[in-house]
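For clarity, every value in this text was computed on a predicted model and none was experimentally measured.
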Amino acid sequence: MEDKDLQTSTTNYSDPYLTTKENYKLEIDTWISDAEAELADLYLRKKILEADFSTLLEQYKCYILADEKISTIAKTNLITYFSYDLLKPFKSVGLEQTEHYNTWETRHFYTAYQLDEQKNLVFYFKLKVVDERFVVDYLPLITLNVAEMTVKINDKHVRTLISLWYSDKFLSRSQLSLFNQDINELLKYFKSCGFEVLPSLLDNTQALSLRVVSNFPVSQTTLDRIFITAMENEEYDFELLGEETYQVLLNQEQNMIIYRQAEQTELFIDSNNRRRSILDFATSYPFLVPLFVKGNT
C-alpha cells in the first residue's frame with residue numbers, strides 16, 4: 001500500500017528545472033523561427049536591391065498584384081525601386097529623392113507615386129510655380145496598370161495644367177513647354193519597357209485630329225477676340241461655316257472648328273498630320289485657349 005502511494009506521488013511530481021528547460025526550448029524555437037523569417041526577408045530585400053527592371057516588374061506582379069507575403073519594408077523598397085526605374089528619363093533634368101520616400105524632385109517639377117485601390121501605380125506631378133507665394137496641388141496625371149501593362153493619362157488634369165498657366169498665371173509658357181517635353185520622354189521610355197501608352201491629349205507622337213468638349217459655352221467676347229487676332233495675323237483666318245459654327249484657319253494648314261452650343265462648346269482640332277500634344281498646341285496658339293479652359297472671356 002505504501003509503495004503504491006509512493007509511485008503515484010513520483011509520477012505526478014513536476015520538476016521545475018525540466019519545466020524551465022522545456023519553456024526555454026520553446027522560446028529558442030520561436031527565436032529561430034523569427035530569425036529565419038527575418039533572414040529570408042533580408043535576402044528578399046537584397047534581391048530587390050540588385051534587381052534590374054524586368055525582375056522588378058515580375059516582383060511587382062508577384063508581391064503587389066498577387067499579394068504574396070512580404071514585409072512592409074520589403075514592399076516599400078520594391079515600390080520605390082520600381083518607381084525610380086520608371087522615372088529614369090528624368091535624370092536628365094536632375095532627378096533627386098526628397099526627404100519623403102515617395103517623392104522626387106527635378107529642376108522643373110516634383111513627382112510623387114502612390115498605389116491606388118486597384119494596385120495601379122499613380123504618378124502625381126506638381127510644377128514649380130513662378131512665384132513661391134502661390135501654392136498648387138499635386139495632380140494625379142499618369143496611371144500605370146501593371147496587370148494590363150497600360151499607361152493612362154488623366155486628360156482632365158492636362159487641362160488643369162493649361163489653366164494653371166493661362167488662367168491662374170501660376171506657371172509660365174516655357175514651363176509648360178518644358179514639362180510637355182519631359183513627360184513625352186517619359187512616355188517614350190514606358191513604351192520601351194513594354195507598356196502600351198493609351199491615346200491622350202499629352203502624347204506628342206500622334207497628330208491632333210480630335211474632338212474636345214468643353215463643359216461651358218463660348219462667350220461672344222471670346223469669339224470676338226479670336227476673330228480680331230485671326231484678322232490681324234496674315235497666317236490665320238476666321239470663317240463662319242454655319243449657324244453657331246466657326247472655323248479658325250492656322251498656319252501650316254492647321255485649323256480648329258468651333259461648334260457653339262447653349263451649355264457647352266465642341267471643338268475639332270486638326271494639326272494637318274503634324275505631331276503635337278494639346279500642351280504644344282495651346283502654347284503655340286494661346287488666343288484659342290479660352291475655348292477649352294474656363295476662366296477667360
Side-chain angles (χ1 to χ4, degrees), residues 48 53 56 60 64 72-73 75-146 150-193 195 197-198 200-204 277-280 282-283 289 293 295:
I48 292 172
F53 178 76
L56 287 171
Y60 187 99
I64 306 301
T72 300
I73 294 176
K75 181 178 180 180
T76 300
N77 288 347
L78 172 57
I79 299 173
T80 298
Y81 301 150
F82 183 62
S83 299
Y84 173 76
D85 227 302
L86 287 167
L87 296 175
K88 276 184 176 178
F90 291 157
K91 291 174 70 175
S92 64
V93 288
L95 181 69
E96 293 183 353
Q97 192 167 28
T98 68
E99 60 183 10
H100 303 291
Y101 77 92
N102 70 329
T103 304
W104 302 80
E105 180 181 4
T106 75
R107 290 193 291 271
H108 307 148
F109 54 83
Y110 296 92
T111 181
Y113 58 86
Q114 183 175 316
L115 295 184
D116 66 12
E117 294 180 354
Q118 289 73 44
K119 300 176 184 176
N120 298 320
L121 185 62
V122 182
F123 285 109
Y124 293 72
F125 291 86
K126 182 172 76 169
L127 275 70
K128 296 181 179 180
V129 294
V130 295
D131 188 328
E132 293 184 355
R133 293 175 299 175
F134 301 144
V135 177
V136 296
D137 295 327
Y138 277 91
L139 301 176
L141 193 62
I142 302 177
T143 299
L144 276 73
N145 185 324
V146 180
T150 58
V151 178
K152 183 178 181 181
I153 308 298
N154 190 326
D155 282 341
K156 172 185 175 183
H157 290 310
V158 175
R159 292 200 192 200
T160 302
L161 288 170
I162 298 173
S163 182
L164 287 172
W165 155 58
Y166 191 84
S167 302
D168 300 323
K169 313 299 182 186
F170 291 171
L171 308 175
S172 70
R173 183 174 171 179
S174 60
Q175 275 183 296
L176 214 56
S177 295
L178 289 171
F179 183 71
N180 179 56
Q181 295 172 19
D182 294 337
I183 290 297
N184 274 277
E185 284 299 313
L186 185 67
L187 298 181
K188 181 180 177 181
Y189 181 69
F190 287 164
K191 292 177 183 178
S192 72
C193 292
F195 287 89
V197 178
L198 302 178
S200 75
L201 296 176
L202 203 56
D203 187 359
N204 68 4
S277 72
I278 200 70
L279 292 186
D280 181 34
T283 53
V289 172
V293 168

- Note on the structure: For Thr150 and Phe195, the nearest pair of non-hydrogen atoms, with its separation, is N-CD2, 3.9 Å

- Message: Any heavy-atom pair between the side chains of Leu56 and Tyr60 that's under 4.5 Å?
- Response: no

- Task: Check for a donor-acceptor pair, side chain of Ser163 on one end and backbone N or O of Arg159 on the other, with a separation under 3.5 Å.
- Result: no

- Rounded to the nearest 0.5 Å, what separation is found between the NZ atom of Lys191 and the NZ atom of Lys188? 9.5 Å

- Query: Out of curiosity, His108 NE2 to Leu178 CG, how far, rounded to the nearest 0.5 Å?
  - Reply: 5.0 Å

- Message: For the backbone of Tyr113 and the side chain of Asn102, can you confirm whether one donor and one acceptor N or O come within less than 3.5 Å of each other?
- Response: yes

- Ile153 vs Val158, side chain to side chain contact (heavy atoms under 4.5 Å, CB included): CA-CA, chis, key distance, verdict: CA-CA 8 Å; Ile153 308 298; Val158 175; 3.9 Å; yes

- Message: Do Asp168 and Phe134 have side chains that approach each other closer than 4.5 Å (heavy atoms only, starting at C-beta)?
- Response: no

- Report yes if the side chains of Phe82 and Ile48 come closer than 4.5 Å at any heavy-atom pair, otherwise no. no

- Task: Go through the steps to decide whether Phe125 and Tyr110 satisfy the test side chain to side chain contact (heavy atoms under 4.5 Å, CB included), and finish with yes or no.
- Result: CA-CA 6 Å; Phe125 291 86; Tyr110 296 92; over 6 Å; no

- Message: Under the side chain to side chain contact (heavy atoms under 4.5 Å, CB included) test against Trp165, which residue among Val289, Leu279, Val293, Val130 passes?
- Response: Val289

- Note on the structure: Residue set satisfying salt bridge (Lys or Arg N to Asp or Glu O under 4.0 Å) with Lys156, at least two apart, ordered chain then number -> none

- Query: To the nearest 0.5 Å, how far apart are CG in Leu164 and NE2 in His157?
  - Reply: 10.5 Å

- Query: Of all heavy-atom pairs between Leu87 and Leu186, which one has the smallest distance, and what is that distance?
  - Reply: CA-CD1, 4.1 Å

- Item | Gap separating the CG atom of Asp182 from the CG atom of Leu95, nearest 0.5 angstrom | 11.0 Å

- Note on the structure: For Thr283 and Ser177 the tightest heavy-atom approach is OG1-OG, 3.8 Å

- Task: Would you confirm whether Asp155, through its side chain, and Leu201, through its main-chain N or O, come within 3.5 Å as a donor-acceptor pair?
- Result: yes

- Query: What are the two closest non-hydrogen atoms of Leu78 and Ile64, and how far apart are they?
  - Reply: CD2-CG1, 4.1 Å

- Which class fits the ring pair Phe109 and Phe90: parallel under 30°, tilted 30 to 60°, perpendicular over 60°? perpendicular

- Test ring pair (Phe, Tyr, Trp, His ring centres under 6.0 Å) applied to Tyr189 - qualifying residues, sequence neighbours left out: none

- Would you say Gln175's side chain and Lys128's backbone share a donor-acceptor pair under 3.5 angstrom? yes

- Do Phe123 and Leu141 touch side chain to side chain, with heavy atoms closer than 4.5 Å? no

- Task: Would you mind reporting whether Ile79 and Leu115 have side-chain heavy atoms less than 4.5 Å apart?
- Result: yes

- Item | Sub-4.5 Å side-chain heavy-atom contact between Leu187 and Val151 | yes

- Looking at Phe170 and Val135, what are the two nearest heavy atoms and their distance? CE1-O, 4.3 Å

- What do the steps show when you test Phe53 against Leu86 for side chain to side chain contact (heavy atoms under 4.5 Å, CB included), and what is the final call? CA-CA 8 Å; Phe53 178 76; Leu86 287 167; 3.6 Å; yes

- Task: Using the side chain to side chain contact (heavy atoms under 4.5 Å, CB included) rule, take Asp280 and Asn204 through it: C-alpha gap first, then chi angles, then the decisive distance, then the call.
- Result: CA-CA 8 Å; Asp280 181 34; Asn204 68 4; 5.9 Å; no

- Atom OG1 in Thr143, atom CD in Gln114: separation rounded to 0.5 Å? 11.0 Å

- Message: Quick check: closest heavy atoms across Arg107 and Gly94, and the distance to 0.1 Å?
- Response: NH1-N, 3.7 Å

- Message: Using modelled atom types and a 3.5 Å cut-off, is there a donor and acceptor pairing between side-chain atoms of Asp116 and backbone atoms of Lys119?
- Response: yes

- Hey, are the side chains of Leu161 and Leu127 touching, using non-hydrogen atoms and a 4.5 Å cut-off? yes

- Considering only heavy atoms from C-beta outward, does the side chain of Asn120 approach that of Leu144 to under 4.5 Å? no

- Would you confirm whether Asn180, through its side chain, and Leu176, through its main-chain N or O, come within 3.5 Å as a donor-acceptor pair? no

- With a cut-off of under 6.0 Å to the ring centre and 45° to the axis, is Lys126 in cation-pi contact with Tyr124? no

- For residues 83-99, the side-chain hydrogen bond (donor to acceptor under 3.5 Å, both in side chains) pairs (sequence neighbours left out) are Asp85-Lys88

